[in-house]
Amino acid sequence: MSPHPQDDLFAPAPGFAAPAPAYVPPSSGLLKGLNPEQHAAVTLGQEPALILAGAGSGKTRVLTTRIAWLMSQGLVTPGGVMAVTFTNKAAKEMVTRLSAMLPVNVRGMWIGTFHGLCNRFLRAHWKLAGLPQGFQILDASDTVSAIKRVIKAMKLDEERYVPKQVGWFIAGAKEDGLRPKDIEARDEQSRVQVQIYQAYEDQCQREGVVDFAELMLRTYELLRDNAALREHYQHRFQYLLVDEFQDTNKLQYAWLKMFAPPGRGQGVFAVGDDDQSIYAFRGARVGNMSDFEREYRVKRVVKLEQNYRSFGNILDAANELISRNSHRLGKNLRTEAGPGEPVRVNESASDFAEAQWLLEEAQALHRQGLARQEIAILYRSNAQSRVLESALFNAGVPYRVYGGLRFFERAEVKHALAYLRLIENANDDTSFLRVVNFPARGIGARTIELLQDAARISGRSLYQSVSAVAGKGGSNLAGFVNLVESMRNLTQGLTLREIIEQIIETSGLAEFYRNDKDGAERLENLAELVNAAEAFVTQEGFGKDAVALPVDELAPGAIAEGLPRAVAAAAVTPDAETGEIMSPLAAFLTHASLEAGDNQAQAGQDAIQLMTVHSAKGLEFDAVFITGLEEGLFPHENSMSDADGLEEERRLMYVAITRARQRLYLSFSQTRMLHGQTRYNVKSRFLEELPESALKWLTPRNQGFGSGFAKEYQSAWERGAGLKSVVGAGRVEKPAYGAASATPSFAAAPVPKSMKQAAAEKVGAEHGGLRVGKGVFHTKFGEGVLMTLEGSGADARAQVNFGRHGMKWLALSVAKLTPID
DNA sequence: TCAATAGTTATTTTT
DNA sequence: TAACTATTGA
C-alpha cells in the first residue's frame, strides 16, 4: 500500500553553486570563497571572539581556515595554538583539513578532544599531578564497576546506592569542580554518597587509574594550584579555539579559563550554536556562551547564518520551530538555494505501518538514484529502531544502526585489554577482577571475597594480597599470578602486535572462544584488536602524547617568568635501561580508553542509516526521515513537565530538521507498541509549530482515529512477529576496526616534504651523525631506522623503527644510539 | 560454577 | 515486549 502516488521525481543533487560573491575577499588563497561573515571570523585579531555558527554554516571550515590563516600570516607558530573539540572525529577532521591547507607540523599542535588534551597534559606533568607515570584511564563501564566495588567494600545497600547513580553523582561533582571535602551533605543519602566518592577516589589513587571526569579535574586543579605552570601555558598558547562551545560544562569552561583567562589578551575563539544545545542532561551549560561573551568582554559576536546545506523549505521549518524558544542568542538561517521540495508529513495507523511506509518511501528514493547512505531515519529513542529494523530486514534492504557497542567496549576485547593492563600495572584491581576467573580457572566468589578482605586490611592491591589467601582458592590465585608474571616475561622485547597475540593465546582467551560454539565472531574481534594495535603503531607519532612535552617548546620568557627547571625536567622519565619514553603498550591502552572505536557505517557499503537524533548531530544527509513525532515520545514525556526540558526537546527537533539537505519527511503514528503495550498517541506539538507553507501532508490532515486500524495493526504485528527472532541478522557487516576503518594515519596526510625535511635537517645536525632516514643501532633493540629527531640537549628524542621490535620513542640522553651506514 | 528462572525496568550519552 | 540483573537450584 503506497500511501500516495509518487508525485514528483527526485531531482539529483542540484549542487549548491555558491552565489556570485557580492564581497570580494583579499587575494589570499586560503580565504577564497569565504562569505563576509566567515571571512570576518577567520581574520579576527588576537581578541576574544564568540562565533554563533548555525547548522550547515561552514563552521569547521572557519575553524580550520582560521588556524591556517594565523600561521600563514606568521601570527602564531604551531606550538602556540590549541584547538579543542568534543569528539575524536571532529579533532581528526580538523587535523586532516588543516594539513591539506598548510605545511604544518601537526605533531606539535595541541589539537584534540578535551580529554585527549588533558591526557597529554597529565602525561607530561604526571608527577606534579600526583599520578603514577603509567596511569591508565577508566572508561564508563570500568568506572561503574569500580564504584560497585567500593559500595560492596563499604557494605552498603546497592539498592539504595545504585552504582550507576552514584557514578552520576561523582561525575556531576567533579564536573562542578568539587572534591568530597567541598560537598556539604544535607541528608543521609548524599552524606553517604560523599563517603563513597571519597573511598572511590582513594581506590583510584591506589590503583593508579583515573576516570574521564578526573582527567579534566586534575588538569584544572594542577593549573589552578601551580602558578608557574599556569604561567607557562598561558604564555605558550596565544590562540585557543573551542568547538561546540554550547556543549561545554562548568568544569570545561573553568579549565579553559586556566589556559586563557579573560583579560590576558590571548585570542580565544569560541564557536557554538545555542540552538543545538542538546546535552544539558549531561551537564552542558549553554549559559557558558553568554558568560563567555560577558566575562571576556567580547567586542563582536559573529553570526554565521548563511546555510550551505539545506533548501529553503527545510530552513523555514527549522527557523519557525526554534523561534518558539526563549532566551536564544538569536539567529536565523538563510539560503540562496531556493525553496526546494516541501517538507512531507505522513500519518500512519501504527508503528508497524509507519515502518512499512518509510521502507517504501526510502526504496522509492533509492530507485530514483539516491544512494542508501544518503538516507537517514532518525528517532528519539533507541527502542524505536526495532520495528524499523524489522521492516528493513524483511524487505532485504541493507541498513546500519548507529550506537551499539563500540569496538573497544566489546567483552572479549575488554578481557584482552585487562590482561594487557595487568602486565603494565598489576595493581589495577578493575582489570584483575575482570579476568581473574575468565576463562574459568576455579576462582570463585568466595575466594575473591577473602582476597578482597585481605587486600582491604593491608591496604594493598588484590594482586599483592594473593599470598594472604590460603587453601584451594589460594593456590588457584597463585596460579593466576604466575600466569600474569609469565605473560610479562614472555612479552619482554616483543612488538606490540606480538605482545597482544601472545597474551590472547597464553591467557586462554583464544582457547576459550575456539571451544565456544559461537565464539567465532569474538575470535575475529580479537584478531581485529591485533590489527588495531598494528595500525596504531604504524601511525607516525603514535606516542605523541607522551613525548610532545612542553620542555623544548618553552618560550624563553617562560623560564624567566619562573617556571622551575624541575617542572620541565619532571616531564620526561625515560626507561633507565633502554631510554624508551613510553612503551607502545602503555600508549595503546590509553588510546583504547580514550577512543572507544568507531561504530559508523562502513565505507563502501551502501546502507540506510538508522540513528537517534542525538547521534545525528553533526551529520547531514540528502534525505532525512524523522519518525515517531508523537507527544510523549518526541517531545519525550520525561522532558515535557518543565519549560527547559521542552525547549531542549525543541532544539533536538531543530537539530533533526537541519540534518536534511534536500528532502525531509516527518512521520507519526496513531498507535505504538511501547513496553509491551499498545499506546495511543497524539501527534507531536512540534508539527503544529512548523509553517504550513513549507509542509505537504501526504495523509489527510487531522485524520481522526479511523476505520479498523486496530485490525490492520494486529495482523501486521502477527506477520512481523514471526520474524522478530532474526532481527539484526540483516545488519550490514560490522566495520573492521583496524584495517578498513582505521583512522587515516597522520603518515598518510600530505605533510609537505619541505617543512618536514627542513625540521629534520635542522636538528639532525645536532646529534652526532644521526640522520633521519638512516640506520641506527641500539644496544637492546638492535638495528633500526631513524624516523624522527626532535628537541635538543637533555630533551632530545628520537623515533626509531626497529622492525621486529616496532616503533619506539627514545630519549637520546639515555638511549645509546649509534649511526650505521 | 553454571544455567535456569524470576523480577525489574524501560530518553538522549561526544569522553 | 525484551533485555538486563539477581537469585536460586543442581
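Protein chains get the first letters and strands the later ones, always in sequence-line order, with residue 1 at the start of each.
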Taking the side chain of [X] as heavy atoms from C-beta outward, which of [options] is closest to it?
X: A:Leu594; options: C:dT1, B:dT15, B:dT13; value: B:dT15
X: A:Phe281; options: B:dT13, C:dA2, B:dT15; value: B:dT13
X: A:Asn437; options: B:dT11, B:dT1, C:dT1; value: B:dT1
X: A:Ser381; options: C:dT1, C:dA3, B:dT11; value: B:dT11
X: A:Thr113; options: B:dT11, B:dT13, B:dT15; value: B:dT15
X: A:Ser639; options: C:dA3, B:dT11, B:dT15; value: B:dT11
X: A:Arg380; options: B:dT11, C:dT1, C:dA3; value: B:dT11

Rounded to the Å, how far apart are [X] [atom1] and [N] [atom2]?
X: A:Ile151; N: C:dA6; atom1: CD1; atom2: P; result: 12 Å
X: A:Ile170; N: B:dT15; atom1: CD1; atom2: P; result: 22 Å
X: A:Gln384; N: C:dA2; atom1: CD; atom2: C1'; result: 16 Å
X: A:Leu674; N: B:dA10; atom1: CG; atom2: P; result: 12 Å
X: A:Glu637; N: B:dT12; atom1: CD; atom2: P; result: 12 Å
X: A:Tyr402; N: B:dT13; atom1: OH; atom2: C1'; result: 17 Å
X: A:His115; N: B:dT13; atom1: NE2; atom2: P; result: 17 Å
X: A:Leu405; N: C:dA3; atom1: CG; atom2: P; result: 13 Å

### Query
Across the strands shown, which category fits A:Phe114 at heavy-atom distances under 4.0 angstrom: base, sugar-phosphate, nothing?
nothing
### Message
Does A:Ala90 reach a base, just sugar-phosphate, or nothing at all? Heavy atoms under 4.0 Å.
### Response
nothing
### Electrostatic pair A:Lys250-A:Glu175, nearest N-O below 4.0 angstrom
no
### Message
Using a 5.5 Å cut-off between ring centres and planes within 30 degrees, is A:Tyr279 stacked on the base of B:dT12?
### Response
no
### Task
Would you please determine if the base of B:dT11 is stacked by A:His636, with stacking meaning a centroid separation under 5.5 angstrom and planes under 30 degrees?
yes
Taking only N and O in the side chain of [X], is any of them less than 4.0 Å away from OP1 or OP2 of [N]?
X: A:Arg406; N: B:dT15; result: yes
X: A:Thr612; N: B:dT13; result: yes
X: A:Asn638; N: B:dT12; result: no
X: A:Asn382; N: B:dA10; result: no
X: A:Arg441; N: B:dT1; result: no

### Query
How far, in whole Å, is B:dT11 from C:dA6 if one measures between their C1' atoms?
25 Å
### P spacing across the pair C:dT5 / B:dT12, given as an integer number of angstrom
16 Å
### Message
For A:Phe512 and A:His415, I'd like to know if the aromatic rings sit close, meaning centre-to-centre distance below 6.0 Å.
### Response
no
#### Entry: Aromatic centroids of A:Trp126 and A:Phe135 separated by under 6.0 Å
no
### Query
Looking at A:Asp243, A:Leu240, A:Leu63, which one forms a side chain to side chain contact (heavy atoms under 4.5 Å, CB included) with A:Phe269?
A:Leu63
### Message
Which label fits A:Phe432 and A:Phe480: parallel for a plane angle under 30°, tilted from 30 to 60°, or perpendicular past 60°?
### Response
perpendicular
#### Entry: Watson-Crick/G-U partner (both atom distances under 3.5 Å) of B:dT9
C:dA2
### Query
Is there a Watson-Crick or G-U wobble partner for B:dC2 with both distances under 3.5 Å, and if so, which one is it?
C:dG9
### Message
Is the shortest side-chain heavy-atom distance between A:Glu207 and A:Gln136 below 4.5 Å?
### Response
no
### Summary
Note: A:Glu648 and A:Ala280 closest approach over all heavy atoms is OE1-CB, 2.8 Å
### Summary
By nearest-nucleotide position on DNA chain B, the 5'-leaning member of A:Ser593 and A:Ala445 is A:Ala445
